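Reviewing the structure listed below.
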Amino acid sequence: MRTILTRLSAALADSSGTRTGDLVVLNMFDPYQNDCLAHPQSRQVFEDLDARLAAVAAEVGAPVVDVFATFGGRVTAQNDLVCTYTYMCARPQDVHPTRAGHDAIARALHQTLGY
């Protein structure tokens, strides 16, 4: 992670070292959180990944869009946003965002960047 973000940051810099473009990191949501029996440790895996992403992003001064929170964050009950924002309920094992999920990510991106 560190290597790619460092390289991307350098690629966005001009000859004086000033970044000339946006470098933004999106963290991960837990698409398995409603399936606790099959994936009991999934939440911790995604929280650990997101913590690592945040630490590395901070090293290069990149903001992090909190997709984990946008998709419901740490919940202890059924998270209906998983069915709304991903295909997990319609096509099990399809963790990809639906159109509503992409719209939610875009709103979070705009909010994070202050657009």
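Start at 1 with the first residue, then count along the sequence. Since the model is a prediction, treat every value here as computed from it, not as a measurement.
- Considering every non-hydrogen atom in both Y85 and A104, the closest pair reads CZ-CB, 3.6 Å.
- A distance of 12.0 Å separates OG1 in T84 from OH in Y87, rounded to the nearest 0.5 Å.
- Across every non-hydrogen atom of V82 and T86, the tightest pair is O-OG1, 2.5 Å.
- Across all non-hydrogen atoms, the minimal contact from V56 to L5 is CG1-CD1, 3.4 Å.
- Residues Y32 and Q93 are in side-chain contact: their nearest non-hydrogen atoms beyond the backbone lie under 4.5 Å apart.
- Two different hydrophobic clusters hold V64 and I105 under the rule that ILVMFWY side chains link at heavy-atom gaps under 4.5 Å.
- In this structure, T20 contributes its side chain and L12 its backbone to a donor-acceptor pair below 3.5 Å.
- L49 and V25 end up in the same hydrophobic cluster when Ile, Leu, Val, Met, Phe, Trp and Tyr side chains are linked at under 4.5 Å.
- Between the N34 side chain and the Q78 main chain, no donor and acceptor come within less than 3.5 Å of each other.
- Scanning both residues, R19 and L23, for their nearest heavy atoms gives NH1-CB, 3.9 Å.
- Looking only at side-chain heavy atoms (C-beta outward), N79 and F71 stay at 4.5 Å or farther from each other.
- The nearest pair of heavy atoms linking T70 to A108 is OG1-CB, 3.4 Å.
- H102 contributes atom NE2, which lies 8.0 Å from atom NE2 of H96 (distance to the nearest 0.5 angstrom).
- Between the side chain of N27 and the main chain of D50, no donor-acceptor pair closer than 3.5 Å is present.
- From D80, atom CG reaches atom SG of C89 across 8.0 Å, with rounding to the nearest 0.5 Å.
- At least one side-chain heavy atom of E47 sits under 4.5 Å from a side-chain heavy atom of F68.
- Note on F29 and V45: separate hydrophobic clusters, where clusters join Ile, Leu, Val, Met, Phe, Trp and Tyr whose side-chain heavy atoms are under 4.5 Å apart, directly or indirectly.
- The CG atom of L81 lies 14.0 Å from the CE atom of M88; values are rounded to the nearest 0.5 Å.
- Using a 4.5 Å heavy-atom cutoff, the side chains of P63 and T112 are in contact.
- Cluster annotation: L109 is connected to V67 through the hydrophobic network of ILVMFWY side chains, with a link wherever side-chain heavy atoms come within less than 4.5 Å.
- The closest donor-acceptor contact from the side chain of T18 to the backbone of D14 lies at 3.5 Å or more, if one exists at all.
- The number of heavy atoms from other shown groups lying within 6.0 Å of CD (Q111) does not exceed 12.
- At distances below 3.5 Å, not a single donor-acceptor pair connects side-chain atoms of D22 with backbone N or O atoms of V24.
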